[in-house]
Amino acid sequence: MATSVETSAGARAKYEPVIGLEVHVQLLTISKIFCSCSTRFGDPPNTNVCPVCLGLPGALPVLNRKAVEFATLAAMALNCEIRETSIFARKNYFYPDLPKGYQISQYDKPLAEHGFIDIDISGDKRSGASGAANSKRIGITRVHLEEDAGKSLHEGFAGSSEQTAIDLNRSGVPLIEIVSEPDIATPDEAYEYLTRLKEIILYTGVSDVNMEEGSLRCDANVSVRPRGEKKFGTKTEVKNVNSFRFIREALEYEIDRQIEVIEGGGKITQETRLYNSVEGKTYGMRSKEQAHDYRYFPEPDLLPLVVDEKWQAQIRSTLPELPEARRERMMANYGITAQDAHVLTISRALADQFESAAKAAKNPKRVANLVQSELMGRLKAKGLEIEQSPISMKGVAVSADLVESGAISGKMLKDLYDLSFERGKDFPEVYEEEGRPEQSRDTSEIEKLLEKVIAENPKQVEQYRAGKKTVAQFFVGQVMRLSKGQANPQMVNELVAKKLG
Ligand SMILES: [Zn+2]
């Protein structure tokens, strides 16, 4: 095995990677898929268990209706066709955290098939885009329902240096498995696909897609083939990578490793590999099972699952506006950039907050502008995510209204935003603390500035007096500039009219 992979650009250019992703998502039901045990994360080990999810002989599964609805909703959001009658199957394998000796899953008649996600590849010049120049469609082969297995614990308990413990709280938590077509051509595309997938699932509300808690897990199948070749190369599966960034890194490593093996005259072995994120390398774990190794057969304890047209329509009616559509609408409604729309739609909650603040404000576009011009930069400088912003969307709306009414200037708003970030407090609070700073209403001061502007611009004075009233804005602007934003624009307006009129 190569210890360091330094694949030359030349060798890399000769090959084309083929990537397919399998994503497991835990559904946010209150109880498990085939019993009434709680699905709560973090409870003491083996406290949420019963004969069904412990796999005791004679216990019978009862399907959770909510799990079916969540799975169907997710499949719809991923543009899948729903199969009216799908079949549960037993997938037989031995594992210490799988007490029944089989997992209830779906095999040849899954709940949903033929979906897709459109990903943005404008930042990735290596892939061959089809269709719209910046967008590539990644097919989704299938979405099926299954139960989660338990968890083997190797650390965090007494004796963990010699022993492995089993926690079966997770056994029977409902999962959907989302299998992509091998349409993904680069590690960057894989990253983008996962980001979009996570976002869509989050919008449907069927999962919290929290990678740290294991409610979203991803396995990647990857192979390489000479460019132009139709036949797939032998693939390896990279398993249990716990962040999207690591998946991208693992794929980069694995692609280079495979190219190096082939270039060196070797052969790729079909196997499962684990990624070590500290070393940035993958390691062979076991030779990969083929589907026939699992000896799938229809689950005799469950009836075929029927999601008929009426039920499908009911579920479809709960489908929310999805991120892509929402971004486009928000760009049109508020005049924000595509990039800002991406940030503001990271979660449905944030997008809702932004929109309700923007709508409540006197000028929605000003709210959007302040988010872009004043909020994002400060967040970036502090390394904060928008959810961690000291200034809430409501706070932005309050500040926008104050500028709109002329109560504060743009300069004062900037200062108050700085103070908010320093103090970790929302805008309205800082505004109160600062004694509601008002703009200069000292008329004599402003009159002096205006007289100066009038004296220096006789031509504009003439135009104004000749009836071109829009020139008033020129005088207001000049006075505002000279006062460094401290003058009250409304008052300046009145003074201009008085002095020149
Ligand atoms: Zn149970």
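One-based numbering, in listed order, for ligands and for the atoms of each. Note that the numbering runs from 1 along the sequence shown for the chain.
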*Whether over 12 other heavy atoms sit under 6.0 Å from Arg329 CZ*: yes
*Is it true that the side chains of Tyr294 and Gln103 contain a donor and an acceptor less than 3.5 Å apart?*
no
*Neighbouring protein N, O or S atoms of the Zn ion (ligand 1) [cut-off: under 2.8 Å, no waters]*: Cys35 SG, Cys37 SG, Cys50 SG, Cys53 SG
*Walk me through it: do Arg257 and Glu260 pass the test salt bridge (Lys or Arg N to Asp or Glu O under 4.0 Å)?*
CA-CA 5 Å; Arg257 186 192 68 85; Glu260 202 177 62; over 6 Å; no
*For Leu60, does the CG atom have more than 12 heavy-atom neighbours from other residues, nucleotides or ligands under 6.0 Å away?*
yes
_More than 12 heavy atoms from other groups under 6.0 Å of CD on Glu385_ = no
*Phe244 vs Tyr191 aromatic rings, parallel, tilted or perpendicular, using cut-offs 30° and 60°?*
perpendicular
